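Report on one structure; see the data block that follows.
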Amino acid sequence: MPIAIRPVTYSFTSPKINSKKNYSSNPICKNDINFGSLEAAGAIEAQALSGVRKNLISTDKTRLGANFNKEENTIDFKLASMNAQKVFLSIFDEPKGKDAILNIPMVKQEGSNIWETSIPLDKLNNGEKPVYYGYRVFGPNWQYSENFFDKDGKINNPSSGFSSLVDEKGNRYNPNKLAFDPYARELSHLPSDNPLGEEAFFTNEDNYLEDNAKYAPKSVFVINKDDIIPKAKPRALSDEIMGEVHIKDLSINEDVDGAGTYLGAKNMAQKLKNMGFTMIEFLPLTEFDDKEGNGNHWGYMPLGYFAPAKKYSNDKSAGGALKEFREMIKAFHRENLKVCMDIVFNHTGEAGLKNNDINNAKQSGFSLIDNQMYYKQKAGKYNSNSGCGNDMNVAQDEVMQFVADSVAYWAHQGVDAFRFDLAAGLMDIDPTEKVYYDANRSLVGKMSTLLKERGVKVLEPNQKGDGIYLIAEPWTCGGDNSYQLGRFPKEWAQWNDIARESIKRDSTFPFTLTPRALRNVLEGSYDVLGGGDKSINYAYSHDGFNLNDANSYQSPPDCWHFATNYGGNTQRQESAMKKQIALTLLSKGTPMLQVGDVIAHSKGGDDNSYNKDDDTNYLDFSKVRNLETRKGRIYDFSKKMIEFRKEHPELRYGIFNKDIQYFKPDGSYAQNWDNSYWDNVNSNIMCFKISDGSDIFISTSSDEHFIDVKLPKPKQGKTWHLVCDTSREHSFVEHEEKIPSNDYRQAPHSLLIFEER
């Protein structure tokens, strides 16, 4: 199936940086925090050795990254690297412009791949100020030599131990380049926050000896106070009404404190609830560089998997972003709104080659710590089935543990569900450049167990309780077997592109969709997913045209995101929009609408607005109250359609073929064996009745003509009432409209809802 690829375009010219400097010789570590250089390093190294008594595998119990040890009153630093041969922790007292005040040799735990050291808190301002740190890592292609540092901890001989920029196994160690901590809870700044922009982080033959520590992003450690985050009301996933939105776009045009930030989103919680949503799926919120490539507004090029993006924080102080994020979660939960995070583990925003040159690679963290461990590659050439320059090596145990640690961390911050971008890539069990998918033996299959070990329960989509939900985008952008819809374990819900394409084609290509295909969507794609509980039903998401534009613009011939303006017929455009919303909300599974689609937001026909930090993406709620405008009518229709779904549990809990009866427009049964009807693309109308308490009768037509529809005979003493007719400007009936004759004339390309009362 076609997938939107978020392009990453590098068009830089590499300035030559003079790496010839005057260097003096001698070893190791600087004394700016009141303890002698070599003696301090030895004492800290000895303290690190005591950590061998702790767990030797990379799980939440080992607490990788920087963590406050209350028992010892220390900050413990731990870093996982399979292939590192020597690691130094560099401590800074400022995020930019200064050399490290200390370079501390770390110790490798016996029998593990974890490097560690500990620093007494009283040696680091007693935790009253943020600690800025990073790592300098040596490995097979750049081995450690004692004359690399001088006695004051400055780099003395930058080429010492150098063999190659990248070796035959793909190692890219370079101790002249400071690596941020993959487990950092915050980054001091972004790679592009320097005069050269992200260009400065392409390591090549011109600059590989250049120390970048003065401008490189630092990991930030602060002691955060934990507090209790209240939970939202337990609901099964199919009870949710999901709204997808970018956090800045949501509130940037609103008159609220902190517009465009976590604070702004917090102040939008009640409005989102009033729209009918019960779960908000935010586009990525983990740290990313918004200026990488051609610009990166959506955030699908992540850098910090434990760090909330500081761009979205109203509070820019150290620790402020996490605190504000948690306050947002609390506010949502108080409104009984859940939060789903779109999270990206198939690739990172760091590594990639310029001009396919293995000696010119983007590096700021993961690849400097262990390029072999973190990335799918061969001899320095990265896999890119993600279409984003690199693929994460999730078949490596250390990377599996990293992913599980990240998900558990955000779950402990109150996040209720996770949507995994291009999640088919997480099925890979081959740590080489080859790819082999296995749903059970992979990270995907092990996720529930890994999270359970970290105190997080994974709920199946039909369960409710204290736990989280896992949602897969079940494909990648390239490679063999890249499409994995229906092959995920039972715990995983899945974005359903069969539903997406069917709901759209019903309007845009009416003579290409059979009644059977639409029926399967309405019943939760049981033939692929084995039941409606696993299906995330949607017609539009951040990728591709949005609802308004797909039905208002004519797409160019070479665009796989099809759009049509229906020959300029504005009534047909609006009716199609309403019908697509209705089919999404009437289908079994979990419906997802873009928040912008509910207010008929237009992107001016842009079908890939990933880099537009402007009004292309920013939402404007100011016109939704005027029911004489399209925006107002779509908003009103969406709210009422959402409320209708909430009022009718039979739309969510019905079992395939148990509570549903199908009819032809003349009132006769559409029998299961009647293939001449079900498999006929010219059978452009389908009627069905759902029985579970009160009966609902629905008729959906993609025919060009008016058609007389015969409703089933109601129960004794009951009458059919019209609830909704999408061909009407104001589609939901405000006053009682009985259908005593059980006959109704259906307009072309419309959807009708009747209720027995």
Side-chain angles (χ1 to χ4, degrees), residues 58 64-66 77-92 95-96 99-100 102-106 108 113-117 131-144 148-149 153 155 158 161-162 165-166 170-194 198 200-204 207-221 287-289 302-307 348-352 361-375 377 390 392-393 398-399 402:
S58 172
L64 292 176
F77 296 86
K78 295 186 180 183
L79 179 73
S81 177
M82 290 175 59
N83 298 294
Q85 295 179 350
K86 189 74 173 178
V87 180
F88 283 80
L89 168 68
S90 296
I91 302 291
F92 301 79
K96 292 182 183 179
D99 291 321
L102 196 67
N103 287 303
I104 304 169
M106 301 180 77
K108 189 176 183 181
N113 294 319
I114 295 175
W115 297 77
E116 65 175 359
T117 192
V131 175
Y132 302 101
Y133 72 99
Y135 298 107
R136 297 186 186 272
V137 189
F138 296 81
N141 68 301
W142 201 314
Q143 300 194 21
Y144 175 65
F148 184 85
F149 293 110
I155 294 177
F162 171 75
L165 288 176
V166 58
N171 293 300
R172 288 189 180 276
Y173 294 102
N174 186 333
N176 293 302
K177 310 303 180 185
L178 189 76
F180 63 78
D181 187 348
Y183 279 74
R185 270 55 169 179
E186 182 177 334
L187 295 184
S188 60
H189 56 280
L190 301 173
S192 63
D193 291 337
N194 70 83
E198 65 171 346
F201 292 90
F202 279 89
T203 303
N204 52 53
N207 65 15
Y208 72 102
L209 297 179
E210 203 44 46
D211 181 10
N212 72 355
K214 288 185 178 180
Y215 57 82
K218 313 298 187 298
S219 307
V220 182
F221 174 78
E287 191 62 274
F288 67 100
D289 194 334
L303 292 173
Y305 287 87
F306 295 77
T348 80
E350 181 217 23
K362 191 177 180 185
Q363 294 188 274
S364 55
F366 304 94
S367 63
L368 292 165
I369 292 166
D370 200 323
N371 197 53
Q372 277 197 76
M373 185 178 84
Y374 275 111
Y375 293 116
Q377 54 85 38
N390 62 77
M392 233 179 174
N393 196 354
E398 286 80 2
V399 182
F402 169 78

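Bear in mind that the values here come from a model prediction, so they are computed numbers and not experimental data. Starting from 1, each residue takes its place in the sequence as its number.
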Item to complete: Take E350 and K362, measure what salt bridge (Lys or Arg N to Asp or Glu O under 4.0 Å) needs, and give me the verdict at the end.
Response: CA-CA 6 Å; E350 181 217 23; K362 191 177 180 185; over 6 Å; no
Item to complete: Apply the test side chain to side chain contact (heavy atoms under 4.5 Å, CB included) to residues F201 and K177: give CA-CA distance (whole Å), side-chain angles for both, the deciding distance (0.1 Å), then the verdict.
Response: CA-CA 9 Å; F201 292 90; K177 310 303 180 185; over 6 Å; no
Practice prompt. Please lay out, stage by stage, how S90 and L178 fare under the test side chain to side chain contact (heavy atoms under 4.5 Å, CB included).
Written response: CA-CA 8 Å; S90 296; L178 189 76; 4.0 Å; yes
Discussion item. Walk me through whether Y135 and F180 qualify under ring-ring contact (aromatic ring centres under 6.0 Å, His included).
Written reply: CA-CA 6 Å; Y135 298 107; F180 63 78; 10.0 Å; no
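F77 is linked by a ring pair (Phe, Tyr, Trp, His ring centres under 6.0 Å) to Y133, counting only residues two or more places apart in sequence or in another chain. In terms of the side-chain hydrogen bond (donor to acceptor under 3.5 Å, both in side chains) criterion, residue partners of T203 (sequence neighbours excluded) are, by chain and number, Q363. Applying the side-chain hydrogen bond (donor to acceptor under 3.5 Å, both in side chains) test to R136 and every residue at least two apart in sequence or in another chain returns D211. Every residue two or more places apart in sequence or in another chain that forms a side chain to side chain contact (heavy atoms under 4.5 Å, CB included) with A84 is listed here: S81, V87, W115, V137, Y173. Partners of N212 by side-chain hydrogen bond (donor to acceptor under 3.5 Å, both in side chains), not counting sequence neighbours: none found. A search for side chain to side chain contact (heavy atoms under 4.5 Å, CB included) contacts involving S188 returns P95, Y132, K218, V220, not counting sequence neighbours. Considering only residues two or more places apart in sequence or on other chains, N393 meets the side-chain hydrogen bond (donor to acceptor under 3.5 Å, both in side chains) condition with none of them. For K96, the side chain to side chain contact (heavy atoms under 4.5 Å, CB included) partners are H189, D193, not counting sequence neighbours. Residues that satisfy the salt bridge (charged side-chain N to carboxylate O under 4.0 Å, His left out) test with E287, not counting sequence neighbours, are absent from this structure. Shown here are the side chain to side chain contact (heavy atoms under 4.5 Å, CB included) partners of V166, two or more places apart in sequence or in another chain: R172, I358, N359.
Between the CD atom in E210 and the CD1 atom in I155 there is a gap of 9.5 Å [rounded to 0.5 Å].
At a threshold of 4.5 Å between non-hydrogen side-chain atoms, the residues Y375 and S367 count as touching. A 4.5 Å side-chain heavy-atom check between I114 and L79 finds every atom pair outside the cut-off. Looking at heavy atoms from C-beta onward, P175 lies out of side-chain contact with L368 at the 4.5 angstrom threshold. In this structure, the side chains of F162 and F148 stay at 4.5 Å or more apart for every pair of heavy atoms. Proximity of F221 to E186: side-chain heavy atoms (C-beta onward) are nowhere separated by under 4.5 Å. Proximity of W142 to N176: side-chain heavy atoms (C-beta onward) are separated by under 4.5 Å at one or more points. Annotation: side chain of F402 is in contact with side chain of Y183 (closest heavy-atom distance under 4.5 Å). Using a 4.5 Å cut-off on side-chain heavy atoms (C-beta onward), I91 and L89 make contact.
Ring pair F138/F88 is perpendicular by interplanar angle, where above 60° counts as perpendicular and below 30° as parallel. In this pair, Y374 and F366 present their aromatic rings perpendicular. The plane angle is above 60°, beyond the 30 to 60° band.
Considering all non-hydrogen atoms of both residues, A200 and N194 come closest at CB-OD1, 3.6 Å. Between L64 and A80, the shortest heavy-atom distance links the atoms CD1-CB, 4.1 Å. When every heavy atom of D289 is checked against every heavy atom of S192, the shortest pair comes out as OD1-OG, 2.7 Å. Residues I369 and A179 share a closest heavy-atom pair of CG1-CB, 3.9 Å. Across A100 and F92, no two heavy atoms sit closer than the pair N-CE2, 3.3 Å.
E398 and N113 share a donor-acceptor pair across their side chains, judged by distance under 3.5 Å alone.
Looking at N103, its side chain does come within 3.5 Å of a backbone N or O of G153 through a donor-acceptor pair. Between the D370 side chain and the M373 main chain, a donor and an acceptor come within less than 3.5 Å of each other.
Here the rule is side-chain contact (heavy atoms from CB on, under 4.5 Å) with N171, and of L165, N83, N371 only N83 fits it.
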